[in-house]
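Each chain gets a letter, A, B and so on, in the order the sequences are listed, and its residues count up from 1. Model, not experiment: these values are computed from the prediction. Any value given below was found using the heavy atoms of this structure, including those in side chains, with hydrogens, waters and symmetry copies removed.
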2 protein chains.
Amino acid sequence: MSLTGRARTPSGRPPSIRDVAGVAGVSHQTVSRVINGHPSVRPATRERVEAAIAELGFRRSAAAHALAVGRVRGVTVLTSNTTHHGYAAVLQGVEEAARGASFTVGVSVLESDEPAVVRDAVRRAADSGSGLVVIAYDRPGVRALEAVPEGTPMVAVVETPDGSPPAGSPWVWTDDRAAAHAVTRHLLDLGHATVRHLALPSTTATPDATARVAGWREALRRAGAPAPEPVVAGWTPADGYAAGQRLARDPELTAVLCGNDDLALGVLRALREAGRRVPEDVSVAGFDDAPHSAFLSPSLTTVRLDFAGVGRAAFALLHGLMEQGEPVAPHPVAEPVLIARESTGPAPRA
Amino acid sequence: MSLTGRARTPSGRPPSIRDVAGVAGVSHQTVSRVINGHPSVRPATRERVEAAIAELGFRRSAAAHALAVGRVRGVTVLTSNTTHHGYAAVLQGVEEAARGASFTVGVSVLESDEPAVVRDAVRRAADSGSGLVVIAYDRPGVRALEAVPEGTPMVAVVETPDGSPPAGSPWVWTDDRAAAHAVTRHLLDLGHATVRHLALPSTTATPDATARVAGWREALRRAGAPAPEPVVAGWTPADGYAAGQRLARDPELTAVLCGNDDLALGVLRALREAGRRVPEDVSVAGFDDAPHSAFLSPSLTTVRLDFAGVGRAAFALLHGLMEQGEPVAPHPVAEPVLIARESTGPAPRA
DNA sequence: CTGAAAGCGCTTACAG
DNA sequence: CTGAAAGCGCTTACAG
């Protein structure tokens with residue numbers, strides 16, 4: 001028996017349950033019972049079968065299993081992106097949990113929110129017979145959510161849990177609203193008259209529908225501070241840099257909350273180039289606590305979000321859906337936590 | 001016919017080629033010919049079949065197809081990590097190319113280089129019947145490479161193309177050696193007496209086996225510069241920070257080449273805290289040109305590596321292997337290019 | 001507790 | 001150019 005590959009029968013193909021049955025002196029049906037942990041198999045029989053399995057290096061054919069049962073022990077993640085911190089960390093969490101459950105994990109990226117593109121991706125994912133985790137942090141994701149055929153086991157990773165979840169399809173989210181509220185509050189407490197917001201692209205027509213924008217606006221309202229229009233920037237450091245250059249021209253600007261840490265990184269650079277010191281002249285806060293944020297100069301005030309936890313929770317829910325056929329109690333996800341660092345400070349005196 | 005889900009036959013299950021055959025008035029075998037683009041089908045027949053396919057919303061069962069042909073139109077990426085820039089970008093490239101070829105993409109992470117862990121992951125990936133792309137930038141990846149059963153279509157993404165590739169399993173790489181040589185040369189040309197190197201963890205027992213270390217050392221040797229021991233740091237900003245704190249104590253230090261941009265980011269922070277200015281006192285260079293590197297302060301001198309291109313090339317090779325059964329000419333991957341920015345400058349005068 | 005039969009939805013020769 | 005038969009490797013009732 002080879003240490004690495006699957007053993008081969010004399011005929012050259014990998015051993016099937018029939019080969020195992022032959023060696024163990026039972027029917028292939030009994031072999032099926034053993035590999036599925038069916039209770040009614042005599043211990044002695046079970047042992048003979050297990051010995052034969054080990055001897056032949058038998059491994060169940062995933063394809064045959066899938067064909068027979070009509071479903072696959074796998075999850076595919078539908079997402080518009082695999083490299084931005086939040087997305088990548090959710091994917092990481094899903095993979096980790098799926099691996100623990102011996103589930104296969106697939107990835108399918110949504111290149112745009114065009115109906116044809118989204119429909120195709122969703123179809124292919126659903127056709128594979130696996131369960132779905134769709135990351136609906138953006139337009140393509142939200143569209144994909146809507147395109148998932150009924151009956152497909154799915155869990156959605158969303159920013160805001162409003163609207164109504166498709167029947168039987170649970171949602172997982174971090175409390176971005178509370179998080180945004182907390183950072184904004186932190187800035188206000190430092191004496192800033194108001195806080196500008198550099199927003200991520202919205203999932204909907206109205207930017208206010210996103211939890212981050214809503215939390216920020218609410219904190220402003222409660223404090224009686226003016227609420228300037230949020231500016232939609234993008235996702236990347238380059239986007240933050242571009243938006244930051246515009247913001248830097250505003251002499252009133254003393255505090256800005258960015259939709260994620262990458263935007264904040266770009267803003268930091270733009271402000272420095274414009275000769276505005278952080279945090280002496282302008283305070284900058286991010287969102288997510290990406291791995292590099294603690295090491296920037298100045299280090300970045302942000303709010304830590306447990307994206308990997310979200311991914312693990314999403315898988316746990318999906319697993320419940322697929323194995324028990326019933327929704328399960330959601331896995332707990334860590335609360336967002338404010339991480340105050342060097343990039344925020346007292347408002348400059350007027 | 002539903003716009004989203006697969007249509008259902010009256011019996012409640014998705015339509016099979018037999019259902020299509022019934023509607024088109026042909027045998028299911030002819031339907032199979034049509035969906036596989038077999039040439040010998042009368043145009044009129046083909047049209048009838050295609051109409052029936054559209055009418056029923058037929059989609060071939062991936063499981064049945066896989067069972068019949070013994071292989072799956074899919075690729076699974078074996079990797080120790082999915083979030084670090086290089087790994088994430090390779091994955092992104094593979095996914096992009098695979099999607100274009102209607103291949104499924106799976107991800108399996110290697111949690112450690114323990115034989116049992118690696119063997120398990122490789123087995124499961126191979127069992128799925130898909131082709132394999134293994135990212136062998138580190139120990140777990142290299143171990144996985146060795147554990148792939150013969151006969152499994154595979155392509156390896158490696159740092160250095162030495163040793164011997166498993167028969168019929170092509171390699172893809174960027175020329176890290178030349179890249180490291182170029183950055184080191186850049187630093188030497190700026191008048192630095194020598195260049196320290198903060199290395200990524202090695203894939204082997206001897207750090208010199210890695211292309212980046214080799215290129216750096218060669219540039220030093222050619223210039224007749226002393227070659228201080230490389231220090232193995234890790235992968236993350238936190239690792240770079242820790243190593244940077246130690247380096248910062250060395251009064252001789254004027255130039256450091258980091259194994260990647262994340263390490264460099266941490267080093268930048270450590271140097272600043274130690275009161276050593278970049279680039280006036282110490283020049284710092286990275287490797288990879290990660291998305292944030294241009295926006296740091298100072299912006300980071302680095303070398304751009306086309307990881308996504310590597311991923312696309314890896315898939316192209318695998319695709320050739322799986323469809324033509326023969327190795328194919330490698331897809332071109334962009335040459336590394338030196339990006340000189342603010343973090344490197346003339347050596348300070350002694 | 002165990003086995004013989006039928007079926008999951010395709011493809012691969014083999015006829016014609 | 002098209003169809004009837006057998007098979008891919010499992011699971012799901014149904015008997016006993």
Legend entry - Euclidean distance, atom CG of residue A:L56 to atom C1' of D:dG9 [Å, nearest integer]: 15 Å
Legend entry - Integer-rounded Å distance: D:dG9 P and A:F58 CZ: 10 Å
Legend entry - B:R48 side-chain N/O to B:A24 backbone N/O, donor-acceptor pair under 3.5 Å: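 Checked: pair present.
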Legend entry - Heavy-atom donor-acceptor pair, B:T79 side chain to B:T82 backbone, under 3.5 Å: no
Inset, instruction - Check each residue of residues 38-51 of chain B for a non-hydrogen atom within less than 4.0 Å of any atom in DNA chain C, then write out the ones that pass by number, or none. - result: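 Nucleic-acid contacts, sorted: none.
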Inset, instruction - With sequence neighbours excluded, give me every ring pair (Phe, Tyr, Trp, His ring centres under 6.0 Å) pair touching residues 99-136 of chain B. - result: B:F103-B:F315, B:F103-B:H319
Inset, instruction - Would you please confirm or rule out a distance under 4.0 Å between OP1 or OP2 of C:dG3 and any side-chain N or O of A:S27? - result: yes
Inset, instruction - Output yes when at least one side-chain N/O atom of B:S61 is less than 4.0 Å from OP1 or OP2 of C:dC10, else no. - result: no
Inset, instruction - Let me have a per-nucleotide readout for nucleotides 11-16 of chain C, 5' to 3', with B, S or -, counting only protein heavy atoms under 4.0 Å. - result: BBB---
Inset, instruction - Any chance you could lay out the side chain to side chain contact (heavy atoms under 4.5 Å, CB included) test for B:L78 and B:I135, step after step, and finish with the verdict? - result: CA-CA 6 Å; B:L78 272 163; B:I135 303 186; over 6 Å; no
Inset, instruction - To the nearest 0.5 Å, tell me how far B:N36 CG sits from B:R60 CZ. - result: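 Taking CG in B:N36 and CZ in B:R60, the distance rounds to 5.0 Å.
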Inset, instruction - Carefully, step by step, assess A:S80 and A:Y137 under the rule side chain to side chain contact (heavy atoms under 4.5 Å, CB included). - result: CA-CA 9 Å; A:S80 72; A:Y137 285 158; over 6 Å; no
Inset, instruction - Determine which nucleotide pairs with C:dG3, using a 3.5 Å limit on both distances of a Watson-Crick or G-U wobble pair. - result: D:dC14
Inset, instruction - Decide yes or no on side chain to side chain donor-acceptor pair (under 3.5 Å) for A:T30 and A:H28, but give the supporting numbers first. - result: CA-CA 5 Å; A:T30 294; A:H28 71 271; over 6 Å; no
Inset, instruction - Give a yes or no on whether a salt bridge exists between B:E114 and B:R119, defined as a side-chain N under 4.0 angstrom from a carboxylate O. - result: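 No, this pair does not count.
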